[in-house]
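Data block below; observations after.
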Amino acid sequence: MSEPFRFQLQAKDGAARLGAITMPRGTIRTPAFMPVGTAATVKTLTMDQVRGTGADIILGNTYHLMLRPGAERVARLGGLHEFARWPHPILTDSGGFQVMSLATLRKLDEKGVTFRSHIDGAKYEMSPERSIEIQGLLDSDIQMQLDECVALPAAYAEVERAMELSLRWAERCRIAFGDQPGRAMFGIVQGGAEPALRERSALVLKAMDLKGYAVGGLAVGEPQQVMLDMLEVTCPLLPAEKPRYLMGVGTPDDILKSVARGIDMFDCVMPTRAGRHGLAFTRRGRVNLRNARHADDHRPLDEESDCPAARDYSRAYLHHLIRAQESLGAMLLSWNNIAYYQNLMQGIRDAIGSGTFVSHAEKISASWAQGDI
Ligand SMILES: Nc1ccc2nc(N)nc(O)c2c1
């Protein structure tokens, strides 16, 4: 087998990068958008639909799957790929972020996090070592270190404490992960909106020589400009030959601006969550299908799309389904939105490859300026 985990940089256009991550389960073309498959499902879609949109990799969540159906059970059933019928790469988040945002009665200390399940109140402990063990039981291809993400704005001392703890947990995860050919463990840069803390976090993680690096602690309530400023501080400090993953981002505009600052991988619930609430992303801007003005509109969302949800259904029908709270409405709009995001990424990859990323990004942004159409 050739190198079991290989990131090839294929082109650059300013700080934007075109690349590919080759793993045993497949190749991930970057810049990449990872549909979020939190509970072993990209909500409302079959994995064939997800694959058909062009997705190379999906995201799973340690926190949700350890609570239900349980990591050992998923392992007994052949791992997450077999369980969810997705034979391509999967990246799993480590759980800390979800514990802090979803669990109750949670406590965090040097050992790890202890919490009660938001599902049935059962008590759990999760150390860095247990998070890596769970991700291994899930048979995850790209595993994230356990970290502590601080909501912004936050005091410098609080951001520093969480960043230093995350560095100590990164080392414990690195040791627990060991050497697993064909799999990778990514570190997560923390440091809030503090350049000095971002720099320290990036440099200490770089010295660990990990397979890839996530930028965490962003998309947690800060203005977009603060997020972009932290990317300008962090990305140049990370090794150019390793993939960079901005966690939890974002809108199409966030993605364009973050690719321009050197990010290779993204994940966000935006396309699926917005779809379930009736919001469609299209090449000409966003369409809120809850709005009554669509009730008699026989046009599809995008007659030129290769996604049946965008091409074959009238806005009137989609409006009806959403207003009637029919599950087909959530499915069709989620499908449309994931396809939109994958087409956005393909356009970005093509533009970087042809050295036209800046003008491409301007054209895409201008197309949205038409607002709710
Ligand atoms: N905005 C986000 C989303 C997910 C995250 N996951 C981890 N593990 N850490 C973070 O800082 C995140 C931030």
Side-chain angles (χ1 to χ4, degrees), residues 33-39 57-66 90-103 106 108 112-113 115 126-132 134-135 138 140 142-154 158-170 172-174 176-177 184-194 197-198 201-202 205 210 212-224 226-228 230-231 233-235 238 243-251 254-255 257-258 263 265-273:
F33 180 80
M34 302 183 280
V36 173
T38 293
I57 178 172
I58 63 170
L59 184 135
N61 268 312
T62 296
Y63 171 76
H64 295 78
L65 294 168
M66 68 184 279
I90 295 176
L91 180 149
T92 45
D93 199 353
S94 47
F97 182 81
Q98 290 77 27
V99 165
M100 302 315 278
S101 47
L102 287 169
R106 56 200 187 264
L108 183 145
V113 289
F115 58 94
M126 180 149 65
S127 64
E129 293 79 10
R130 175 62 178 157
S131 174
I132 293 297
I134 289 171
Q135 295 179 75
L138 299 175
S140 169
I142 300 178
Q143 304 179 16
M144 303 309 294
Q145 71 155 92
L146 187 68
D147 61 330
E148 183 186 359
C149 171
V150 174
L152 296 180
E158 177 63 3
V159 174
E160 183 175 38
R161 178 200 56 73
M163 183 276 287
E164 293 292 352
L165 175 67
S166 296
L167 287 178
R168 295 193 295 274
W169 283 0
R172 287 170 58 183
C173 287
R174 187 187 65 79
F177 182 82
M185 193 205 90
F186 283 13
I188 303 177
V189 177
Q190 290 292 347
E194 308 295 347
L197 299 179
R198 286 280 170 189
S201 182
L205 288 172
L210 302 172
Y213 293 89
V215 181
L218 295 173
V220 288
E222 78 285 357
Q224 184 194 56
V226 169
M227 178 180 81
L228 298 176
M230 287 306 104
L231 296 185
V233 166
T234 308
C235 288
L238 294 173
R244 301 160 184 167
Y245 161 31
L246 178 55
M247 306 187 85
V249 174
T251 66
D254 290 334
I255 288 173
K257 291 185 165 85
S258 300
I263 296 293
M265 299 165 75
F266 299 88
D267 88 273
C268 191
V269 294
M270 170 74 76
T272 38
R273 184 174 292 172

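All values below were derived from every heavy atom in this structure, side-chain atoms included, with hydrogens, water molecules and symmetry-related copies excluded. Treat the numbers as computed from the prediction; the structure is a model and nothing was measured. Every number for a ligand or one of its atoms is a count from 1 in the order of the listing.
For S166, the side chain to side chain contact (heavy atoms under 4.5 Å, CB included) criterion is met by Q145, D147, E148, Q190, not counting sequence neighbours. Partners of E164 by side chain to side chain donor-acceptor pair (under 3.5 Å), not counting sequence neighbours, listed by chain and number: R200.
Residue contact check for ligand 1: S94 places a non-hydrogen atom closer than 4.0 Å to it.
Atom numbering of ligand 1 starts at 1 in the shown order; those under 4.0 Å from a heavy atom of G217 are 10 (C), 11 (O), 13 (C). Interface of A219 with ligand 1, defined as ligand atoms under 4.0 Å from a residue heavy atom, comprises 1 (N). Residue C149 has at least one heavy-atom neighbour below 4.0 Å for each of these atoms of ligand 1: 10 (C), 11 (O). Near I188, meaning under 4.0 Å from any of its heavy atoms, are these atoms of ligand 1: 8 (N).
Contact annotation for Q190 and ligand 1: only side-chain heavy atoms (C-beta onward) come within less than 4.0 Å of the ligand. Contacts between L146 and ligand 1 below 4.0 angstrom, taking non-hydrogen atoms only, are absent altogether.
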Evaluate the criterion side chain to side chain contact (heavy atoms under 4.5 Å, CB included) for residue pair D267 and Y245; output intermediate values, then yes/no.
CA-CA 8 Å; D267 88 273; Y245 161 31; 2.7 Å; yes
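For the pair S201 and I188, the tightest heavy-atom approach, listed with the atom from each and the gap, is OG-O, 4.3 Å. Here the closest heavy-atom approach between residue V249 and residue F33 is recorded as O-CE1, 4.4 Å. Contact between P35 and I57 at its shortest, heavy atoms only, is CD-O, 3.3 Å. Smallest separation of non-hydrogen atoms from P243 and M265: CB-SD, 4.1 Å.
By heavy-atom distance, the residue among T62, D147, D267 lying nearest atom 7 (C) of ligand 1 is D147.
One finds the CG atom of L246 at 8.0 Å from the CG atom of D254 (value rounded to the nearest 0.5 Å).
The nearest heavy-atom contact from the protein to atom 12 (C) of ligand 1 is F97 CD1, 3.5 Å. Scanning the protein for heavy atoms near atom 6 (N) of ligand 1, the closest one is D93 OD2, 2.7 Å.
For L218, a nitrogen or oxygen atom sits less than 3.5 Å from a nitrogen or oxygen atom of ligand 1, counting backbone and side chain alike.
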